[in-house]
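Have a look at the structure below, then the notes.
Residue numbers count from 1 along this sequence.
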Amino acid sequence: MQQFQQYIGGAFSDASAQFESIDPATGQAWALMPEARAADVDRAVAAAESAFYSSEWAGMTASARGKLLLRLADLIAENAQALAALETRDTGKIIRETSAQIAYVAEYYRYYAGLADKIEGAHLPIDKPDMEVWLRREPIGVVAAIVPWNSQLFLAAVKIGPALAAGCTVVLKASEDGPAPMLAFAKIFDQAGFPPGVLNVITGFGPDCGAVLTSHPKVAHVAFTGGPETARHIVRNSADNLASTSLELGGKSPFIVFEDVDIESAVNAQISGIFAASGQSCVAGSRLIISNQIKDAFLAQLSEKAAKIVIGPPDHMATEIGPLCTRSQRDTAVDLIARSINAGAKVVTGGGPQDADSLYFLPTVIDCSDAPDAPCLTHEFFGPVLSVQGFDTEAEALTLANDTAFGLASGVFTKDLTRAHRMIRGIRAGIVWVNTYRAVSPIAPFGGHGLSGHGREGGLRAALDYTKTKAVWLRTSDEPIPDPFVMR
């Protein structure tokens with residue numbers, strides 16, 4: 001059985017305890033992971049704080065930080081296949097997805113490498129003639145970055161990249177569900193030449209690790225990706241240290257299809273939007289809102305294609321859907337489908353696991369047109385399950401799209417450009433994709449509102465969120481400052 005170590009202060013070490021990591025494809029333990037507890041968290045935060053104030057990091061020029069990030073990007077690209085294989089083994093994500101995604105992760109570090117020496121302050125046209133005033137942007141401090149198991153190298157890059165570009169230091173907590181690729185990433189980071197303690201990588205469980213980290217008095221900012229319930233704990237914990245937070249919490253994203261589309265093209269986009277990554281994506285287009293004029297034809301093509309999706313071992317390049325990562329995910333999906341059927345929803349295709357004990361879940365489509373209260377319309381499955389609602393008018397489509405407590409992503413499919421613009425204005429979501437879905441770039445911000453959280457990752461704004469402003473006042477007059485208690 002393989003054994004992994006945590007990475008603290010530029011060195012690899014054993015944690016206070018260990019736990020077994022399960023291979024979702026086989027259900028068998030395959031590796032021992034370091035289980036960080038309070039003492040480990042304290043060491044990691046102390047290492048990050050020491051690095052933050054060290055001359056080696058704090059005295060480094062922004063351009064030099066950028067060069068280190070470029071070196072890291074090159075090393076990620078060189079090791080992409082090994083990282084992809086490890087992520088597939090530990091999380092069940094199929095190799096064709098992990099390979100493509102990790103290869104692109106390097107571009108995020110390259111983007112923030114270029115941005116490192118472009119984080120500028122400002123001169124203020126102050127209303128006092130004998131003063132010069134300007135703003136400096138300075139790093140906010142030690143950052144606690146917490147990522148889930150899905151797309152973890154990407155979700156770590158959109159936190160680590162801007163944080164290091166801004167001059168912060170980071171303690172990254174990998175998910176206890178499949179942390180191997182992040183612990184392996186620490187070895188690659190170590191090779192890049194950053195000063196010790198700039199990045200520390202740990203993993204562990206909520207009370208003994210996550211809660212200690214997010215409430216730690218030396219943590220200045222918490223960047224979290226995960227679910228709303230965990231986020232609520234983080235917000236409560238941050239009351240102890242008054243850390244700022246950025247929260248990306250998933251969604252229940254509408255995928256809106258009007259009657260004027262090319263059906264085959266829109267079906268392909270919907271399949272990508274919900275069945276890619278086995279539906280285990282925060283931006284999964286899990287609510288199909290379809291014009292009743294084409295609903296039957298659309299569902300017929302969708303069901304036909306869904307039935308042909310190749311389900312198999314995640315390390316096979318031919319596989320299109322692998323296993324769900326955890327048994328709890330599978331059980332949640334089974335329960336939600338059963339409750340939705342009881343509420344009047346109808347299964348169009350799929351409907352459950354391949355067999356009673358399997359983590360392999362069939363691509364599932366559920367028609368909720370006669371079941372507006374079905375729980376599958378409001379709960380995030382994190383699995384390959386699509387809920388369907390029909391509409392007759394544009395206004396009805398918009399109402400259905402916004403009938404959610406989430407607000408992360410959305411898709412609009414139409415050839416009518418003016419209608420597309422009306423939908424863009426009306427949809428309450430942080431991302432609107434028009435005639436495409438799941439497109440991402442380091443240049444574009446990513447995030448939502450409502451139960452999808454707050455803050456943005458990606459783009460220039462993300463780097464600025466890891467800074468604080470300092471106002472500098474310089475008196476330019478050579479005249480003595482008058483006695484304030486002498487009336488003139």
Would you kindly check if the NZ (Lys) or CZ (Arg) of R330 is within the cone defined by 45 degrees around the ring axis of F361 and under 6.0 Å from the six-membered ring centre?
-> no
Salt-bridge test for R327 and D357: reply yes if a basic N is under 4.0 Å from a carboxylate O, no otherwise.
-> yes
Applying side-chain contact (heavy atoms from CB on, under 4.5 Å), name anything that partners D403, two or more places apart in sequence or on another chain.
-> none
Between K305 and E320, does at least one N-O distance fall below 4.0 Å, as a salt bridge requires?
-> no
Are any of the side-chain nitrogens in D367 or K295 under 4.0 Å away from the carboxylate oxygens of its partner?
-> yes
Check I146, V41, V219 against T214 for a side chain to side chain contact (heavy atoms under 4.5 Å, CB included) and give me the one that passes.
-> I146
Measure from the side-chain N and O atoms of N402 to the backbone N and O of R428, and report whether any donor-acceptor pair falls under 3.5 Å.
-> yes
Check for a donor-acceptor pair, side chain of T319 on one end and backbone N or O of I311 on the other, with a separation under 3.5 Å.
-> no
Looking only at atom types and distance, does a side-chain atom of S340 sit under 3.5 Å from a main-chain N or O of C376, one as donor and one as acceptor?
-> yes
Hey, what's the ring geometry for F205 with F19, parallel, tilted or perpendicular (30° and 60° as the breaks)?
-> perpendicular
Between the main-chain N or O of R422 and the side-chain N or O of E394, is there a donor-acceptor pair closer than 3.5 Å?
-> no
Indicate the ring-plane relationship of Y104 and Y108, choosing parallel, tilted or perpendicular according to the 30° and 60° boundaries.
-> perpendicular
Side chain of S410, backbone of I431: donor and acceptor closer than 3.5 Å?
-> yes
Would you please test T88 and T98 for side chain to side chain donor-acceptor pair (under 3.5 Å) and show each step?
-> CA-CA 7 Å; T88 292; T98 57; 3.0 Å; yes
List for me each residue that meets salt bridge (Lys or Arg N to Asp or Glu O under 4.0 Å) alongside E97, sequence neighbours excluded, and say none if there are none.
-> none
In terms of the angle between their ring planes, are F255 and Y437 parallel, tilted or perpendicular, with boundaries placed at 30° and 60°?
-> tilted
